[in-house]
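Okay, structure first, notes after.
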Amino acid sequence: MRVAVVPTGEGGAWTRELAEDGQPLGEPRLWTDLPVAVAAYEPSGPRWVWAHTMDIYPRLLAAGVRVERCHDVELTETLLMGYVGRWGSPRSVAAAWARLTGGPVPPDKAPRSRDTQPTLFDAEQADPLGGADPLEVLLAVHADQLRRIGETALPGRFRLLVAAESAGALAAAEMGHVGLPWRADVHSELLTEMLGPRQAYGLPPRKLGELSERAALALGDRKLHLDSPAEVLKAFSRAGIRLSSTRSWVLKEVDHPAVPLLLEYKELYRIYTAHGWAWLSAWVHDGRFRPEYVPGGVVSGRWATRGGGALQIHKRVRRAAIADPGWVLVVADAGQLEPRVLAALSGDEKLARAGASGDLYRALADEAFGGDRPRAKIGMLAALYGQTSGEAGVLVAALRRKFPRAVDHVEKAAQIGESGGLVRSWLGRTCPPATSGWVEGGLDPEPVEEASDSGARNRARGRFTRNFVVQASAADWALALLATLRTALTGIGVEGARPELVFFQHDEVIVHCRAEDAAEVTAVLEQAAETAGRVVFGDTPARFPLDIAAVECYADAK
DNA sequence: CGAACTTGCGCC
DNA sequence: AAAGGGCGCAAGTTCG
């Protein structure tokens, strides 16, 4: 059964039971309390149909209510509009309703920020519906979505995509709610160790000051401002060294006494600004780092975050992610995921078998690169990213001789992109069109470019679509893993001390659990990875094993 | 003055 | 001649 739910704006909710095809089964029901309504239905295992998980579910979690399944209408609308090449069209329920009824399509609101708490269908939103009943509108849009899903080329896969995307949104809200265990005291000590003690507001820590002073002196300008690339370039040029940029890989090639100082400064400065004390006080509270995940925030289906930079936690500060006493972090990452996904996508059984041996790059090296593993890896990544410079082109050619199906698959995706076409992930997530922005009713005209520029742009587009098919299909798999996992974990441990999913980053998950539950969690993880592979890719010889480590500290996992 | 863009780095 | 995908973030820089 499905149950549609619309918050009333005064803390209550309207609900209505639906059949699997979206047709209403009973009459609308008014509840004075949203969490009570949801908690009442949840034991019967419904799929909740609601506008936007990240609006509703955090409120439920705050009230202690967890749900198993949902259909997120906004995320689904985004997938469906993307499927027909209308990426960037407004995705709200009101917009979908307007398209359905031929009314004027309201633009989406600006992205929700952390400190606003908008309610869908509140006063501000009531207008776009033109007085229509919000529950009726939700029902109509949902039923229409089910119809449109049925009309896609591969409805079974698209249904799975919608379910996985929606389950991912549930997981995102749950992870934002529970947070990654984070020891602020350990983090602060770490910073002091690396940077020197924290200074008064605005002043850089001692070690940064010393480094920048020494680097500036070495470049012969005591007042040189290292944070300004332009100034640094000028200083090097005065020393007779012309640089294309101040990127660290460029600097590494230069023999000058200021270079090692500058490189060390850059690394420490990075940690200071991105993961320093300011980050700590903004994002870590009560022993947990609580980022705001944005499911579907990346066109490829990867998540984004809004603040906190949860998907870019610097390796050196992972030392502060420490399990609660008596608990452990079970860290699992899908090693070599993208080449394995490519094997499944392309039906390249030979590549799949290479992956089945464990270390895919090792097997690749033995098969096609005379045992040279580093070259095998570069060749594979070059094929995935479209790199042709240096040695890469030769390595891709070598790869292609032994694994033609896999390499041809990404080459084909690149060709489609270069000629202006769209590509899709395995489950049907579609890449955005080449032009920068779709506006409702037509393409945004772009200024005419020089012929040479358009060639470069087409090739860039080809690299994008080439990578999209693999990255987005890997995201399909990762979402299926997450969906399987969050359900499977509820059966482990004891009430009040269940394992909790605390982190997800593209191809890696962290489960926080009691030490005595770690073995069971590990088994469930392995099983979930297996299930995700089978559910998403069906009958394929490709394997998607997880590297799993149960550790007290995140930094010890790798 | 803030907005919008650029640079360079971190993660995958 | 060169040709590496996706992001977020913070500081610097430029623009209105």
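Heavy atoms only: backbone and side chains are in, while hydrogens, waters and symmetry mates are out. Chain letters run A, B, ... following the sequence lines, proteins first, then strands; residues in each count from 1.
Remark: the A:Arg242 side chain and the A:Ser237 side chain contain no N/O donor-acceptor pair separated by less than 3.5 Å. Side-chain contact of A:Arg424 with A:Thr430: a donor-acceptor pair under 3.5 Å is present, judged by distance alone. In summary, the side chains of A:Asp372 and A:Tyr361 do not present any donor paired with an acceptor at a separation below 3.5 Å, with no hydrogens or angles considered. Defined by atom type and a distance below 3.5 Å, a donor-acceptor pair is present between the side-chain atoms of A:His512 and A:Glu500. A donor-acceptor pair shorter than 3.5 Å can be found between the side chains of A:Gln336 and A:Asp359.
Looking at A:Thr192, its side chain never comes within 3.5 Å of a backbone N or O of A:Pro197 through a donor-acceptor pair.
Interatomic distance, A:Leu345 CG to A:Arg340 CZ, rounded to the nearest 0.5 Å: 14.0 Å.
Using a 4.0 Å heavy-atom distance criterion, A:Ser389 is classed as a sugar-phosphate-only contact. At a threshold of 4.0 angstrom between heavy atoms, the contacts of A:Val299 are confined to the sugar-phosphate backbone, with no base atom among them. Note on A:Tyr269: only backbone sugar-phosphate atoms sit closer than 4.0 angstrom, heavy atoms only; bases stay farther off. Within the nucleic acid shown, A:Arg318 comes within 4.0 Å of sugar-phosphate atoms alone, with no base atom in reach, counting heavy atoms only. A:Gly297 comes within contact range of no nucleotide atom at all, as no heavy-atom separation falls under 4.0 Å. If you check every strand for non-hydrogen atoms under 4.0 Å, A:His225 touches sugar and phosphate atoms only. Among the atoms of the strands shown, base atoms are found under 4.0 Å from some heavy atom of A:Gln471. The residue A:Arg463 sits close only to the backbone: its heavy atoms come under 4.0 Å of sugar-phosphate atoms, none of a base.
Between the P atom of B:dC12 and the CH2 atom of A:Trp303 lies a distance of 16 Å, rounded to the nearest Å. Whole-Å rounding puts the A:Lys252 NZ to B:dG8 C1' distance at 13 Å. Per the geometry, OH belonging to A:Tyr385 stands 11 Å off P belonging to B:dC12, to the nearest Å. Atom OH in A:Tyr272 sits roughly 18 Å away from atom C1' in B:dG10 (whole-Å rounding). Distance, A:Trp249 CH2 to B:dG10 C1': 17 Å, rounded to whole Å. Atom pair A:Leu268:CG and B:dC9:P shows a separation of 14 Å (rounding to whole Å applied). Distance CE (A:Met194) to P (B:dG10): 13 Å, rounded to an integer number of Å. The interatomic distance linking A:Ile510 (CD1) with B:dC12 (C1') rounds to 14 Å, in whole Å.
The base of B:dC9 has none of its N or O atoms less than 3.5 Å from a complementary donor or acceptor on the side chain of A:Arg247.
Dashed line: the shortest gap from a side-chain N or O of A:Lys266 to OP1 or OP2 of B:dT7 is not under 4.0 Å.
In 5' to 3' order, the nucleotides of DNA chain C bounding all contacts with chain A (an atom under 4.0 Å from a heavy atom) are C:dA3 to C:dT13.
With respect to the salt-bridge test (charged N to carboxylate O, under 4.0 angstrom), the residues A:Arg319 and A:Asp556 qualify.
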